[in-house]
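Just below is one structure, and these are the notes that go with it.
Each chain gets a letter, A, B and so on, in the order the sequences are listed, and its residues count up from 1. The model shown is predicted, which means the values in this text are computed figures rather than measured ones. Just so it is clear, the values below take in all heavy atoms, side chains as well, and ignore hydrogens, waters and symmetry mates.
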There are 2 protein chains.
Amino acid sequence: MRARVEEDTKGRRQVYEACLEPCAIERGMRIIGGKWTGSILWHLKDGPVRFNDLARMVGGASKKMITERLRQLEGQGLVHRDVVKTSPVTVQYEITEFGRTALGFLDELRKWTESLPADLPKNV
Amino acid sequence: MRARVEEDTKGRRQVYEACLEPCAIERGMRIIGGKWTGSILWHLKDGPVRFNDLARMVGGASKKMITERLRQLEGQGLVHRDVVKTSPVTVQYEITEFGRTALGFLDELRKWTESLPADLPKNV
DNA sequence: CAGAATCCAACCGGATACTG
DNA sequence: CAGTATCCGGTTGGATTCTG
């Protein structure tokens, strides 16, 4: 098996060697587990959202982060970018059909997180 | 609402302000989305695994990483550490009942990743 | 509005060597 | 075997400023 060279969620160069190839869990996490990535995708589930609105919805992430993640998601075909020629221009981000295939997992994650007891051991 | 100060998967200090509190997706990702975290948990699903065996199973991660993640998972109550007094000592890591509650969506993630077409747009 | 550009301290994580 | 300790270059991501 040849070594694969890819970019993960954060644009980091990842070299997957023969016997070091991460399992599906790890690969998946590298795709949608990056900081803010899942959250961004999730907030697009109900329809197109404009850049600044998205930034507000994903509260906590800087514009820089939102931009980087969106570019990545776009490059991966999970999100579609649409420029509306108003003045000033507005930009709509929309989840693609492919992107929607990840929502099932994200919803499971959401349910899991929300089910966590309030008195967790530590750090959870 | 007061600001919460916690540690995420990677032990980073995270300050969650009132209106900046991440959504469940993001919080969940901070718990099990860290590098190697999901993979480690996943590889414990079939029963206790010893340290070095785990390191091999999660191929690619250094011992340092395995150790750090295991300590974290242990502190969160997702994994239990058991020292067996052989000579030299062996250490077994076992997923807890609580930890098992995370396997559901991890399996969703696995299925999602494995379903990805071979000819993906980019970076996926 | 929707970014792009820059700065930079903090952190991450691999490599290596060592230990009981 | 199951770690710990240390080094250290690379990456990350927040803050800030600027633009069409």
Side-chain angles (χ1 to χ4, degrees), chain A residues 3 5-17 20 22 26 29-30 33-37 39-40 44 48-75 79-94, chain B residues 3 6-17 20 22 26 29-30 33-37 39-40 44 48-74 79-94:
Chain A
V5 179
E6 301 177 355
E7 277 186 13
D8 67 5
T9 312
K10 298 182 178 176
R12 288 178 297 208
R13 180 187 153 90
Q14 297 282 346
V15 182
Y16 299 126
E17 297 281 5
L20 300 179
E26 195 60 30
M29 283 297 189
R30 306 262 173 108
K35 202 170 183 181
W36 309 118
T37 306
S39 188
I40 288 175
L44 293 177
V49 181
R50 287 167 52 179
F51 183 81
N52 278 330
D53 290 335
L54 194 56
R56 273 183 287 270
M57 294 165 82
V58 181
S62 63
K63 283 191 191 179
K64 181 186 173 185
M65 282 300 97
I66 303 284
T67 303
E68 285 185 7
R69 292 302 174 268
L70 280 172
R71 292 287 179 275
Q72 204 118 33
L73 288 167
E74 193 191 359
V79 163
H80 175 247
R81 181 172 182 267
D82 184 30
V83 181
V84 185
K85 296 191 195 59
T86 49
S87 176
V89 293
T90 55
V91 180
Q92 308 254 50
Y93 288 94
E94 189 171 11
Chain B
E6 302 179 355
E7 276 186 13
D8 68 6
T9 312
K10 298 181 178 177
R12 288 178 298 210
R13 181 187 154 92
Q14 298 283 344
V15 182
Y16 299 127
E17 296 281 3
L20 299 178
E26 195 58 30
M29 284 296 190
R30 306 263 173 109
K35 202 171 182 181
W36 309 118
T37 306
S39 188
I40 288 175
L44 291 178
V49 181
R50 287 165 55 178
F51 183 81
N52 279 328
D53 290 335
L54 193 56
R56 273 183 287 272
M57 294 165 82
V58 181
S62 63
K63 285 191 194 180
K64 181 185 173 185
M65 282 300 98
I66 303 285
T67 303
E68 285 184 8
R69 292 302 174 266
L70 280 171
R71 293 286 179 275
Q72 205 117 33
L73 288 167
E74 194 191 356
V79 163
H80 174 247
R81 180 172 183 268
D82 184 29
V83 180
V84 184
K85 294 190 197 61
T86 49
S87 175
V89 293
T90 55
V91 180
Q92 308 254 51
Y93 288 94
E94 190 170 10

**Request:** Go through D:dG13, D:dC1, D:dG3 for me and flag the one nearest to the B:Pro88 side chain.
**Result:** D:dC1
**Residue A:Arg71, side-chain heavy atoms: nucleotide from C:dG3, D:dG3, D:dC1 that is nearest** = C:dG3
**Asked** Rounded to whole angstrom units, what separation is found between the CD1 atom of B:Ile40 and the P atom of C:dG13?
**Response** 12 Å
**Asked** Would a 4.5 Å heavy-atom cut-off, applied to side chains only, mark B:Gln72 and B:Thr37 as touching?
**Response** no
**Protein-nucleotide distance (A:Glu68, atom CD; D:dA15, atom P), rounded to Å** = 15 Å
**Message:** Please confirm whether the shortest side-chain N or O distance from B:Arg81 to OP1 or OP2 of D:dA2 is below 4.0 Å.
**Reply:** no
**Asked** Of all the choices, D:dA2, C:dG14, C:dG3, which nucleotide is nearest to the side chain of B:Met65 once you look at every atom?
**Response** C:dG14
**Request:** Output yes when at least one side-chain N/O atom of B:Tyr93 is less than 4.0 Å from OP1 or OP2 of D:dC1, else no.
**Result:** no
**Request:** Evaluate the side-chain proximity of A:Phe51 to A:Leu70: yes if any heavy-atom separation is below 4.5 Å, no if none is.
**Result:** yes
**Request:** For the residue pair A:Arg81 and A:Arg71, establish whether any side-chain heavy-atom pair is separated by less than 4.5 Å.
**Result:** yes
**Message:** D:dC8, OP1 or OP2 - any side-chain N/O from B:Lys64 closer than 4.0 Å?
**Reply:** no
**Whole-Å gap separating C1' (D:dG14) and CH2 (A:Trp36)** = 11 Å
**Message:** How many whole angstroms separate atom CD of A:Gln92 from atom P of C:dA2?
**Reply:** 8 Å
**Asked** For A:Arg56 and C:dG3, what is the distance between atoms CZ and P respectively, to the nearest whole Å?
**Response** 13 Å
**Request:** Send over the distance from A:Phe51 CZ to C:dA4 P, rounded to a whole Å.
**Result:** 8 Å
**Fill in**
Taken to the nearest whole Å, CG/B:Asn52 to P/D:dA2 is 5 Å
**Fill in**
A:Gln72 atom CD is separated from D:dT11 atom P, nearest whole Å, by 14 Å
**Message:** Given D:dA2, C:dC1, C:dG14, identify the nucleotide with an atom nearest to the side chain of B:Lys63.
**Reply:** D:dA2
**Complete:** Output for pair (B:Arg50 CZ, B:Met57 CE), nearest 0.5 Å, gives 13.0 Å
**Prompt:** Is there a side-chain contact between B:Glu26 and A:Lys35 (heavy atoms, below 4.5 Å)?
**Reply:** yes
**Message:** For D:dT12 and A:Arg69 - does any side-chain N or O of the residue sit under 4.0 Å from the phosphate oxygens OP1/OP2?
**Reply:** no
